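Just so we're on the same page: letters track the sequence lines, and every chain starts at 1. Fair warning: this is a prediction, and the values are worked out from it, not measured in the lab.
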Amino acid sequence: MVNDVVVSVLLIGGALMSLAAGIGLVRFPDLLSRMHAATKPQVLGLLLLLLALAVENENWLLVPVLVLCWVFQLLTSPVSAHMVGRAGYRTRHLRRDLLTLDELDDVVARAAESHPPRPDRTGGTGREDDGGRA
Amino acid sequence: MNRRHIPLVTELPLVIWLVLVWGALWQDFSPGTLLFGAVIAYVVVNFFYLPPVELTGRFNVLWLVPFLGRFLFQLVTASVEVFWLAVTRGPRLRNAVVAVALRSHSDFLVTATGHAISLIPGSLVLEVDRSTSTLYLHCLNVRSAEDAEAVRRDVRATEAWLIRVMGSARDLAALRAEEARR
């Protein structure tokens, strides 16, 4: 009985995090803000759902698998968020009018001045750096 | 193929991790399973060659527990905050790209810090400058210079915790000196 209550609270909590992601995706104004909603609430949401599974199953051998699920989520979710965010920033899929401060912009502009774009590169915006080779 | 030979001690954390993954996937931690897992892990580590991750040689479990507690607390509060922002502010949100200079120059620690702050909702690593250990973060709901300063303080606090848990002795000494000066 107590277990059922705990499990239902955890499941509803996890589901609410999915709802948060959904609302964020619809309501936030640009790509980068939406990335926050799309990648972050699941870290907590998945934790709550996995905890619910662990409580429900009462089998300690399941716990390492659940821990593994969460650890891989922890390892992969920031990387995917970073890759999309980085690509979005570089291809200027962001609304600068929504930014109160952009400390990367000056750095990129300075880098572009000291390393003018090579003429052989077509389609470049003249603002790319070396793609992380440094 | 021309590959540098890596001593087994350097690979050991990876091998142990792979054995634990093997046990977890079989849901069986009996000696036979673990032994077979160790054989497979050794083969995998040597066959699918990756450059070794350079750990710092320090790991303090006593600092890890409060760090995880702080992390979970921030995870819950920040998740609720993003939920609240999505519902109340939505399209009227103001963000910022904030540069945060970290103390450590270890790739491992910069990656760990970037991961930890990316997992907490509200901040996202856009770009990393390895030469100066600077993270460029996209942060939700930053409306003033004070908010940006708060983000910087917060990220550097997270880094300080990670240095205490697994930073190199040099980073730790630098951190201690910085705290003593304050």
Side-chain angles (χ1 to χ4, degrees), chain A residues 16-17 19-30 32-33 35-37 39-45 47 59 61-69 71-75 77-79 81-82 84-86 88-90 94-95 97-108 129 132 134, chain B residues 17 20-21 23-29 71-72 75-76 78-80 82-100 111 114-132 134 136-145 147-148 151:
Chain A
L16 274 178
M17 285 297 118
L19 180 66
I23 295 177
L25 273 181
V26 175
R27 303 245 315 151
F28 282 158
D30 70 339
L32 289 173
S33 338
M35 279 307 296
H36 289 277
T39 57
K40 304 310 167 52
Q42 277 82 345
V43 178
L44 181 61
L47 176 68
N59 176 5
L61 276 172
L62 194 67
V63 175
V65 187
L66 301 178
V67 171
L68 211 58
C69 282
V71 166
F72 279 120
Q73 164 94 1
L74 291 186
L75 290 177
S77 136
V79 178
H82 166 62
V84 176
R86 187 170 181 258
Y89 189 91
R90 288 184 176 215
L94 78 163
R95 285 178 51 191
D97 57 312
L98 297 176
L99 293 178
T100 47
L101 175 78
D102 188 348
E103 295 181 322
L104 183 53
D105 196 39
D106 312 335
V107 181
V108 173
D129 66 11
Chain B
W17 163 247
L20 290 179
V21 170
L25 290 178
W26 278 105
Q27 303 192 16
D28 177 10
F29 287 90
F71 175 75
L72 281 178
L75 193 62
V76 174
S79 297
V80 173
V82 169
F83 196 171
W84 182 245
L85 283 176
V87 173
T88 59
R89 189 128 331 123
R92 283 171 290 117
L93 198 64
R94 287 291 172 277
N95 310 317
V97 178
V98 183
V100 186
T111 311
H115 252 80
I117 52 174
S118 291
L119 285 168
I120 294 163
S123 50
L124 185 120
V125 179
L126 277 186
E127 199 71 66
V128 185
D129 187 342
R130 260 183 86 189
S131 59
T132 56
T134 306
Y136 295 91
L137 309 172
H138 181 265
C139 304
L140 282 185
N141 197 30
V142 175
R143 278 173 296 175
S144 61
D147 286 351
V151 169

remark   = Of the listed A:S33, A:G24, A:P41, A:G88, the one with the largest count of heavy-atom pairs under 4.5 Å with chain B is A:S33
message = Checking A:M17 against B:S79 for the side chain to side chain contact (heavy atoms under 4.5 Å, CB included) test, could you report, in this order, the C-alpha distance in whole Å, the side-chain angles of both residues, the deciding distance, and whether it holds?
response = CA-CA 8 Å; A:M17 285 297 118; B:S79 297; 3.7 Å; yes
ask   = Looking at B:R143, B:H138, B:R94, which one has more heavy-atom pairs under 4.5 Å with chain A than the rest?
value = B:H138
inquiry  = Which atoms of B:L72 are under 4.5 Å from chain A, going by heavy atoms: the side chain, the backbone, both sets, or neither?
reply    = side chain
task = For the residue pair B:V125 and A:P78, establish whether any side-chain heavy-atom pair is separated by less than 4.5 Å.
result = no
message = For B:S123, which atoms come within 4.5 Å of any heavy atom of chain A: side chain, backbone, both, or neither?
response = backbone
Under 4.5 Å from a heavy atom of chain A, the part of B:N141 involved = neither
query = Do B:L93 and B:L85 come within less than 4.5 Å of each other through their side chains, counting heavy atoms only?
reply = yes
query = chain B heavy atoms under 4.5 Å from A:V71: which part of the residue, side chain, backbone, both or neither?
reply = side chain
request  = Evaluate side chain to side chain contact (heavy atoms under 4.5 Å, CB included) for B:Y136 paired with A:D105, printing each intermediate quantity in order.
outcome  = CA-CA 10 Å; B:Y136 295 91; A:D105 196 39; over 6 Å; no
query = When heavy-atom pairs shorter than 4.5 Å are enumerated against chain B, which of A:I23, A:V43, A:L32, A:L19 gives the highest number?
reply = A:L32
ask   = In terms of heavy-atom pairs under 4.5 Å with chain A, which of B:L20, B:V87, B:V82 leads?
value = B:V87
query = Is it the case that more than 12 heavy atoms not belonging to B:W17 sit under 6.0 Å from its CH2 atom?
reply = yes
query = By a 4.5 Å heavy-atom criterion (distance strictly below it), what part of B:R92 contacts chain A: side chain, backbone, both, or neither?
reply = neither
query = Given the options B:I117, B:L126, B:L25, which has more heavy-atom pairs under 4.5 Å with chain A than any of the others?
reply = B:L126
request  = Can you tell which part of A:L74 gets under 4.5 Å to a heavy atom of chain B, answering side chain, backbone, both or neither?
outcome  = both
inquiry  = How close do B:E127 and A:L104 get, counting heavy atoms only, and between which atoms?
reply    = CB-CD2, 3.9 Å
message = Looking at every heavy atom in both B:A24 and A:V65, which two are closest together, and how far apart are they?
response = O-CG2, 3.0 Å
task = First locate atom CZ of A:F28, then atom CG of B:N95, and finally report the distance between them rounded to the nearest 0.5 Å.
result = 8.0 Å
request  = Heavy-atom pairs under 4.5 Å with chain A are the metric here; pick the option from B:V128, B:T111, B:V98, B:T134 that has the most.
outcome  = B:V98
remark   = Of the listed B:I120, B:D147, B:V142, B:D129, the one with the largest count of heavy-atom pairs under 4.5 Å with chain A is B:V142
query = Mind checking whether A:V67 and A:P64 have side chains closer than 4.5 Å, heavy atoms only?
reply = no
ask   = What part of A:L16 lies closer than 4.5 angstrom to a heavy atom of chain B: side chain, backbone, both or neither?
value = both
